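All chains are named by letter (A, B, ...) in the order of the sequence lines, taking the proteins before the strands, and each is independently numbered beginning at 1. Everything numeric here is computed off the predicted structure, so don't read it as measured data.
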Amino acid sequence: MHVVLPDGKQLDLPDRATGADVAAAIGPGLARAALGLRVDGRLSDLLTEVPAGATVQILTGRDSADVIELQRHTLAHVLAQAVREHLEAEGHAPTSVRLGIGPVIEHGFYYDFDLPRSLTPDDLEAIEERMRAIVAADLPLERTVVERDAALARYRALEDPYKVELIEDLPEDVPITFYRQGGETGFSDLCRGPHVPRTGALPTHFKLTSLAGAYWRGDERRPMLQRVYGVAFADAAALEKHLWQLEEAKKRDHRKLGAELDIFTLDDDIGPGLPLWLPRGTIIVEELERLAHEVESAAGYQHVRSPHLSKEQLFIKSGHLPYYEESMFPAMVIDDQKYFVKPMNCPFHHKIYAARPRSYRDLPLRLAEYGTCYRYEDHGALMGLMRVRSMQMNDAHIYCTEAQFEAEFMGVIELYLHYFDLFAIDSYVMRLSKHAASGLGKKYVDEPELWIRTEAMVRSALERGGINFVEAEDEAAFYGPKIDVQITSAIGREFTLATNQVDFSQPGRFDLTYVDEDGQRKTPLCLHRAPLSTHERMVGFLIEHYAGDFPLWLAPEQVRVVPIADRHLPYATEVAERLTRDGLRAEVDGGNDRMNAKVRSAELKKVPYIVIVGDTEADAGTVSFRSRKEPQRNGVPLAAFSDHLARHARERAGQVEGLT
RNA sequence: GCCAAUGUAGCUCAGUGGUAGAGCAGCCGAUUCGUAAUCGGCAGGUCGUCAGUUCGAAUCUGACCAUUGGCUCCA
């Protein structure tokens, strides 16, 4: 047989040659340096046979981006070996350490175990030490293909249900391979590879980072395994950089900044996931509301209000009961009637639609409300402002005809893009979430042909609008497909921010109709949309996005006026009054600290402008300022300064043009 | 909800069986100062909660609550 090298040359080899044979045939130096290979572009390893005629590229330490994948994968096996040795050394039977899966992930790897006891953080240190010993021992890896029955028999003998299940689920035509490190008596694991050829080829720049529970195969009805996470990098600098980035991310964490900047707080007496907005946080929320109100009014929305409670009947009609009941706070009984706190605003808006007969002339009807909803989220899922139980939706429902659908849908997408531009959000993924036929009647309303039709409508609207998106199976809303915008927060967690959902179900359930031009009663479509997500999540995201350094228009306190001595207090007050009159949020620091201390405390609160006034300024009617937004200036006339700030705040400017 | 870790003053943290500590923040006083911490004093805690062990518990044990990291779920 022969293979093709990257330069196009053909290399003759005996049949069943492995990657290592290819490297050896090219030269002894390369054979020593080789760590893996790409076969027809796909990552493979030296232990695997190369198919005849394939294009083969040998990877060495220089191809670190590829090799690190192999190394992380092998490190997962080294981790498993170390965990087994660690527990065996304590006297546990080797078979009591059962292995789940151990894949490569971003920055590293993990391995899931079913163990005779819980691991502790101290164990991680000991396990890491054993891993380093395994790396230092430079154990050779071997790959063997095993008959399905032999593989099953092996794991049945070990009473390992996990590997048996994995093998049983492998398609018949896939060869079952094992990787073994350390020879006959070494550590062996079911694995499709690829791996580095020996543990000595692993970087020592790895670290076990955390310990977590994880359901077997991600299914909450199945056993919970213990997962050990690790990170690994090709060199020390990359590991250091990664750890440093984690530290930096922690500084942006909205929970930390939210407390430091007096934005929100959580109180045990109130309850988990029920945040309190402090005055400074309330300013931010109200600025968002003002923004949304302006943008929506210009886009033809009307604003409505609805109560927080309703009789169960409403949610039976909407279809939320019973399928959504476990996410709702339990009912309260009043006058022998069950009432629920609302988890969504939509049923109320449907009732507003139904409050009078509607004509096609009323459509599209766009009803907006920033109503607070309550959802009984799993305790373990709560997280700062990002995942809460009381949330103010940036909500609206658009009722329209099928003919109007595309324009309305794109109008909402344009709202997103407008907001993303305003907030300089440039890294996000738009996702079209679709139904799965298997969920019809359970997770999704049982209207197969409507699902297919609306999904096609959404897809064509997006394509015609030139919007990039990915499609996600089995992630739709109960009542229709949706477009979500996924963002990654500063601390590396993914969240859904904006959402835009098509609803072909609820209008019918509520008997919503309009009289069309032809005099016929017809059922409108409904769009549920929340381009600013919930105000809780949006503020949480913005805190991290700006690292607490808000643009002027969002900053809770825009100007801090610092008098140099007490005698400058009257002028400082005059400055603040002028700024306030121009619509700015300004405070005077009249305390008895030294000026330096006052500047420091204003900086710690990340106040965008600190105005310093002393004799010079008071005499001339000017201000001197230092700013987080533009270079420091002295002796600026008060009126010019106030106009400058007021203009930027009014325009919701992201960047400030320096005052000239 | 599940697995694990953590919980001491508003914040950051010390205190491993013998009467609760520090710095910062707060309050009071002195200082009146030119772009990131002036000095002194005062006050502040049922050590997450409830039980248990003990002559004695912040410290040991248990249950519960909350937070954090994950899993599941989601705006």
In terms of side-chain heavy atoms of [X], which of [options] is nearest?
X: Val388(A); options: rU38(B), rU35(B), rA75(B); result: rA75(B)
X: Asp378(A); options: rU35(B), rG1(B), rG34(B); result: rG1(B)
X: Glu617(A); options: rA75(B), rU35(B), rG34(B); result: rG34(B)
X: Ile564(A); options: rC3(B), rG29(B), rG34(B); result: rG34(B)
X: Arg626(A); options: rU35(B), rC33(B), rC73(B); result: rU35(B)
X: Ser624(A); options: rC74(B), rU35(B), rU32(B); result: rU35(B)
X: His379(A); options: rC71(B), rA66(B), rG69(B); result: rA66(B)
X: Arg387(A); options: rC74(B), rA66(B), rU38(B); result: rC74(B)
X: Ile612(A); options: rG69(B), rG34(B), rC74(B); result: rG34(B)

d([atom1], [X]; [atom2], [N]) in whole Å:
X: Arg594(A); N: rU32(B); atom1: CZ; atom2: P; result: 12 Å
X: Met386(A); N: rU68(B); atom1: CE; atom2: C1'; result: 16 Å
X: Leu385(A); N: rA75(B); atom1: CG; atom2: C1'; result: 13 Å
X: Asp269(A); N: rU49(B); atom1: CG; atom2: C1'; result: 11 Å
X: Arg221(A); N: rC71(B); atom1: CZ; atom2: C1'; result: 14 Å
X: Tyr215(A); N: rC3(B); atom1: OH; atom2: C1'; result: 8 Å

Please name the nucleotide paired to [N] by Watson-Crick or G-U wobble geometry with both distances under 3.5 Å, or report none.
N: rA22(B); value: rU12(B)
N: rA4(B); value: rU68(B)
N: rC33(B); value: none
N: rC47(B); value: none

Provide the distance between the two [atom1] atoms, one in [N] and one in [M], to the nearest whole Å.
N: rG52(B); M: rA57(B); atom1: P; answer: 12 Å
N: rG45(B); M: rC11(B); atom1: P; answer: 14 Å
N: rC24(B); M: rA36(B); atom1: C1'; answer: 15 Å
N: rA58(B); M: rC47(B); atom1: C1'; answer: 4 Å
N: rG70(B); M: rA63(B); atom1: P; answer: 26 Å
N: rA20(B); M: rG44(B); atom1: C1'; answer: 13 Å
N: rC65(B); M: rU49(B); atom1: P; answer: 15 Å
N: rC3(B); M: rA9(B); atom1: P; answer: 29 Å

Using a cut-off of 4.0 Å on non-hydrogen atoms, how would the nucleic acid contact of [X] be classed: base, sugar-phosphate, or nothing?
X: Asp615(A); answer: base
X: Ser601(A); answer: nothing
X: Asn634(A); answer: base
X: Tyr229(A); answer: sugar-phosphate
X: Gln632(A); answer: base
X: Lys482(A); answer: sugar-phosphate
X: Arg227(A); answer: sugar-phosphate
X: Leu225(A); answer: nothing

Take Met595(A) and Glu220(A), find for each the nucleotide of RNA chain B with the closest heavy atom, and name the residue whose nucleotide sits nearer the 5' end.
Met595(A)
Hey, which of these two, Leu211(A) or Val613(A), hits RNA chain B nearer its 5' end, going by closest nucleotide?
Val613(A)
Looking at [Y] and [X], is any side-chain nitrogen of the basic one under 4.0 Å from a carboxylate oxygen of the acidic one?
X: Glu408(A); Y: Arg366(A); result: yes
X: Glu165(A); Y: Arg222(A); result: yes
X: Glu247(A); Y: Lys250(A); result: yes
X: Glu369(A); Y: Lys342(A); result: yes

For Leu124(A), which residues count as a side chain to side chain contact (heavy atoms under 4.5 Å, CB included) partner, sequence neighbours excluded?
Leu208(A), Leu211(A), Val228(A)
With sequence neighbours left out, write down each residue that passes side chain to side chain contact (heavy atoms under 4.5 Å, CB included) with Ser624(A), or none if nothing qualifies.
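For Ser624(A), the residues satisfying side chain to side chain contact (heavy atoms under 4.5 Å, CB included) (neighbours in sequence not counted) are Glu617(A), Asn634(A).
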Between [N] and [X], is there an OP1 or OP2 to side-chain N/O distance shorter than 4.0 Å?
X: Arg255(A); N: rG69(B); result: yes
X: Gln501(A); N: rA75(B); result: yes
X: Arg600(A); N: rA37(B); result: no
X: Arg567(A); N: rC33(B); result: yes
X: Lys598(A); N: rC33(B); result: no

With Arg98(A) as reference, evaluate Asp160(A), Leu115(A), Leu225(A), Asp112(A) under the side-chain contact (heavy atoms from CB on, under 4.5 Å) test and give the passing residue.
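Going through Asp160(A), Leu115(A), Leu225(A), Asp112(A) one by one, the side-chain contact (heavy atoms from CB on, under 4.5 Å) with Arg98(A) is satisfied by Asp160(A) alone.
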Which of parallel (below 30°), tilted (30 to 60°) and perpendicular (above 60°) describes Tyr479(A) and His528(A)?
parallel
Tell me whether the count of non-hydrogen atoms from other residues, nucleotides or ligands lying under 6.0 Å of NZ in Lys207(A) goes above 12.
no
Are more than 12 heavy atoms, taken from residues, nucleotides or ligands other than Glu125(A), located less than 6.0 Å from that residue's CD atom?
no
Give a yes or no on whether the ring-centroid distance for Phe625(A) and Phe641(A) is below 6.0 angstrom.
yes
With hydrogens left out and only the distance checked, is there a donor-acceptor pair under 3.5 Å joining Thr209(A)'s side chain and the base of rG69(B)?
no
What parts of residues 105-129 of chain A reach RNA chain B, counting only heavy atoms under 4.0 Å away?
Ser118(A)
